[in-house]
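Have a look at the structure below before the remarks.
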Amino acid sequence: MTTSTEDSSTAGPVTIVPGDSRYVEVTSAANGRFRCRPRQVRVVGSTAQVVQAVQDAVDAGARVVARSGGHCLEDFVDSPETEFLIDLSELKAVGYDAGRRAFFVEPGALLGDVYRTLLKGWGVTIPAGLEAGVGVGGHVPGGGYGPLTRRYGSVVDHLEAVEVVVVDRSGTAGAVVASRDPADPARELWWAHTGGGGGTFGIVTRYWFRTPGAVGPDPAGLLPTPPAEVLDSLVLWSWPDLTRESFGRLLRNHGRWHELNSGPDSRFTSLFSILTVLRRESGMVGLTTQVDAGRPDAAEMLDAYLAALNEGVGVPYTHDVQTRPWLRSMLHPRMSGNVWGLRAKCKAAYLRRRYTEAQTDVIYRRLTSEDYRNPTAGVILAAYGGMAAAVPPDATATAQRDSVLKAFYLDNWTDAAQDDEHITWIREFYRELYADTGGVPVPGDDSDGSYINYPDTDLADPRWNTSGTPWYTLYHKDNYPRLQQVKARWDPLDVFRHGLSVRLPD
């Protein structure tokens with residue numbers, strides 16, 4: 001073990017190698033399918049320490065990756081090729097930078113801690129994700145979203161600047177601060193971190209957030225203000241009561257409502273929901289909804305939403321609604337999504353329109369078939385659109401701006417001996433669902449590609465993507481060539497790479 005003497009208040013650097021009792025902990029991550037066994041793990045506590053760690057890795061010719069929260073769904077970090085792992089979990093400060101007139105967040109900070117600190121300190125927040133244990137480091141550069149996105153846009157729509165450790169053509173590591181300022185010579189590096197994905201340009205050591213156009217010296221006016229309270233709703237439909245017809249009607253009603261109510265000018269931008277549709281043996285189909293309780297029409301909005309979803313379904317449901325403080329709702333959601341340590345294979349899609357009848361038939365059949373059983377496999381549909389759609393697709397690297405839902409297809413299990421069975425099931429489910437477009441959600445009238453924060457390396461595999469549309473178009477659309485230019489400028493040696501990282505141009 002080595003420790004730094006640079007500042008007694010700064011964690012690290014600490015080097016952990018195989019045989020150290022801490023090695024198992026620092027090399028574990030959310031998806032139990034993957035495990036890296038690097039030569040060393042460097043726990044860091046400052047930007048200078050990250051620079052030195054990257055330099056040490058480059059000098060040793062070692063494949064280097066960084067981990068913040070550890071929630072990557074593929075093996076981008078937890079790969080057999082990982083030789084040098086930089087652990088960012090102790091870089092977790094959150095505060096206000098008066099010099100930049102922006103709030104700073106370090107990559108190891110967890111979303112729950114960010115929400116708590118920003119709210120209690122200044123009464124503000126960022127419109128990021130619902131899972132409190134997710135690290136900021138990987139969430140932001142993928143274009144993170146959450147319950148306040150329909151009202152305030154994506155989290156990257158509030159990204160003011162980013163500090164990144166990069167490696168130049170000579171193999172020298174250094175830190176660069178890139179901002180949204182049009183005069184900033186490093187502006188393109190900032191842009192790439194607004195949806196280009198993590199682990200592809202360098203290692204982020206600090207983010208700064210300020211809402212575009214925010215003025216004045218008061219920090220409380222520089223980021224969105226969350227609701228004081230929300231109507232926190234939980235609706236449950238009994239799976240045994242759903243027939244193919246009623247199930248299809250429910251999913252198409254849900255999609256149609258989002259088609260009609262997801263524009264930037266919709267009165268429903270303060271309503272966010274997640275529809276969880278797991279296999280029938282789970283027993284229930286669940287819907288959680290947050291509505292700003294401070295709106296005088298909040299209860300009416302929620303009632304209208306549920307009435308639209310249930311129109312013509314004809315199946316009884318239970319509904320429990322509570323008025324809860326916003327922060328409590330974020331930290332303790334009505335339906336938990338924590339799957340840490342489970343084995344998983346996941347896929348995703350942006351939806352511009354409701355599922356077709358043929359697609360709801362596929363979903364029903366795949367979720368009720370008798371030849372496969374797993375109560376934690378299915379699809380989750382998260383509301384999108386609203387103010388996210390007010391931003392042009394090239395203003396940030398997040399290209400999918402006019403979609404109304406994000407679909408997350410998941411399969412979780414525990415037994416490694418069952419890997420092939422479960423992975424085959426979700427692959428075939430997804431391929432059949434998008435059979436008309438080569439087994440993947442090709443951008444078009446109905447779909448709009450996929451979300452890089454829900455990565456799926458199958459999209460780069462011609463066995464599962466027969467569409468002729470490259471994986472990078474599914475994730476980045478027309479923004480990909482620009483991302484390649486950023487890659488060439490800031491990571492010319494391709495030091496930072498993984499299965500779906502931006503490739504250097506030919």
Side-chain angles (χ1 to χ4, degrees), residues 130 147 150 230-262 268 271-291 298-324 329 332-339 349 351 353-370 372-384 404-412 425-426 429 433:
L130 187 59
R150 285 167 56 86
V230 294
L231 297 184
D232 207 334
S233 166
L234 174 62
V235 175
L236 296 172
W237 293 267
S238 172
W239 241 119
D241 292 334
L242 290 166
T243 63
R244 182 182 68 82
E245 292 75 16
S246 59
F247 177 86
R249 182 65 177 262
L250 176 60
L251 260 63
R252 291 193 296 276
N253 282 353
H254 175 264
R256 183 175 185 273
W257 186 92
H258 285 85
E259 287 179 25
L260 298 174
N261 296 284
S262 295
F268 288 96
L271 183 152
F272 172 83
S273 72
I274 295 177
L275 181 65
T276 301
V277 189
L278 303 180
R279 278 188 48 90
R280 183 162 55 189
E281 54 265 30
S282 67
M284 295 288 178
V285 172
L287 176 77
T288 57
T289 305
Q290 280 188 9
V291 186
E300 186 274 327
M301 289 173 59
L302 179 58
D303 289 344
Y305 177 54
L306 297 182
L309 265 58
N310 282 287
E311 182 182 359
V313 175
V315 173
Y317 61 90
T318 63
H319 182 208
D320 178 66
V321 60
Q322 303 173 13
T323 301
R324 305 174 73 198
S329 180
H332 307 286
R334 301 293 297 275
M335 294 182 69
S336 174
N338 184 16
V339 294
L351 306 185
R353 294 182 182 173
R354 77 199 87 172
Y355 287 123
T356 65
E357 185 172 352
Q359 286 178 313
T360 59
D361 284 349
V362 169
I363 297 171
Y364 180 81
R365 186 174 66 256
R366 288 286 180 174
L367 298 188
T368 60
S369 62
E370 296 294 334
Y372 176 80
R373 293 187 65 81
N374 183 6
T376 59
V379 58
I380 296 174
L381 297 167
Y384 192 58
V404 300
L405 289 163
K406 292 197 185 192
F408 179 54
Y409 306 94
L410 72 159
D411 199 332
N412 298 307
W425 180 85
I426 194 168
F429 172 29
L433 191 62

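When side chains are defined from C-beta on, Ser273 counts as touching His258, because their heavy atoms get closer than 4.5 Å. Looking at Leu278 and Trp239, their side chains never come closer than 4.5 Å, going by heavy atoms from C-beta outward. Asp232 is not listed as a side-chain neighbour of Val321, based on a closest heavy-atom distance of 4.5 Å or more. With contacts defined as side-chain heavy-atom distances shorter than 4.5 Å, the pair Val362/Tyr355 does not qualify. The shortest distance between side-chain heavy atoms of Leu231 and Met301 does not fall below 4.5 Å. Contact of the Asn261 side chain with the Val404 side chain is not registered, since no non-hydrogen atoms from C-beta on lie closer than 4.5 Å.
Every ring pair (Phe, Tyr, Trp, His ring centres under 6.0 Å) that Phe408 has, sequence neighbours left out, goes to Tyr454. In terms of the salt bridge (charged side-chain N to carboxylate O under 4.0 Å, His left out) criterion, Glu245 has no residue partners (sequence neighbours excluded). Residues forming a salt bridge (charged side-chain N to carboxylate O under 4.0 Å, His left out) with Arg256 (at least two apart in sequence, or on another chain): none. Considering only residues two or more places apart in sequence or on other chains, Glu281 meets the salt bridge (charged side-chain N to carboxylate O under 4.0 Å, His left out) condition with Arg279. Residues meeting the salt bridge (charged side-chain N to carboxylate O under 4.0 Å, His left out) test with Asp361, sequence neighbours left out: Arg244.
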Would you mind writing out the side-chain donor-acceptor pairs for residues 306-318 within the sub-3.5 Å range, not counting sequence neighbours?
| unit_1 | atom_1 | unit_2 | atom_2 | d |
| --- | --- | --- | --- | --- |
| Asn310 | OD1 | Trp237 | NE1 | 2.9 |
| Asn310 | ND2 | Leu306 | O | 2.9 |

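Between Phe429 and Tyr409, the angle of the ring planes goes over 60°, which puts this pair in the perpendicular group of the 30/60° scheme.
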Carefully, step by step, assess Arg280 and Glu370 under the rule salt bridge (Lys or Arg N to Asp or Glu O under 4.0 Å).
CA-CA 10 Å; Arg280 183 162 55 189; Glu370 296 294 334; 3.7 Å; yes
Criterion side-chain contact (heavy atoms from CB on, under 4.5 Å) on Phe272 and Val230, from CA distance to verdict
CA-CA 11 Å; Phe272 172 83; Val230 294; over 6 Å; no
As a quick check of understanding, evaluate side-chain contact (heavy atoms from CB on, under 4.5 Å) for Arg324 and Arg334, giving each step before the final call.
CA-CA 11 Å; Arg324 305 174 73 198; Arg334 301 293 297 275; 3.7 Å; yes
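A pairwise comparison of heavy atoms in Ser262 and Arg150 identifies OG-NH1, 2.9 Å as the closest pair. Nearest heavy-atom pair across Tyr372 and Asp411 is OH-OD2, 2.7 Å. Listed here is the closest heavy atom pair of Ser282 and Pro375: CB-O, 3.5 Å. Here the shortest heavy-atom pairing between Ala407 and Val379 reads CB-CG2, 4.4 Å. Pairing each heavy atom of Leu130 with each of Pro147, the nearest pair is CD1-CG, 3.8 Å. Minimum heavy-atom separation, Val235 to His319: CG2-CD2, 3.5 Å.
We find the CG-OG1 distance between Leu250 and Thr360 to be 10.5 Å, quoted to the nearest 0.5 Å. Distance CZ/Arg353 to CD/Glu259: 7.0 Å, rounded to 0.5 Å. Atom CG of Asp320 sits about 12.5 Å away from atom OG1 of Thr288, to the nearest 0.5 Å. To the nearest 0.5 Å, atom CD1 of residue Ile380 and atom CG of residue Leu410 are 5.0 Å apart. Rounded to the nearest 0.5 angstrom, Leu251 CG and Tyr364 OH are separated by 12.5 Å.
If you check the side chains of Thr289 and Tyr305, you find no donor sitting under 3.5 Å from an acceptor.
When Leu234, Leu381, Leu275, Thr276 are each tested for a side-chain contact (heavy atoms from CB on, under 4.5 Å) with Leu287, only one passes: Leu275.
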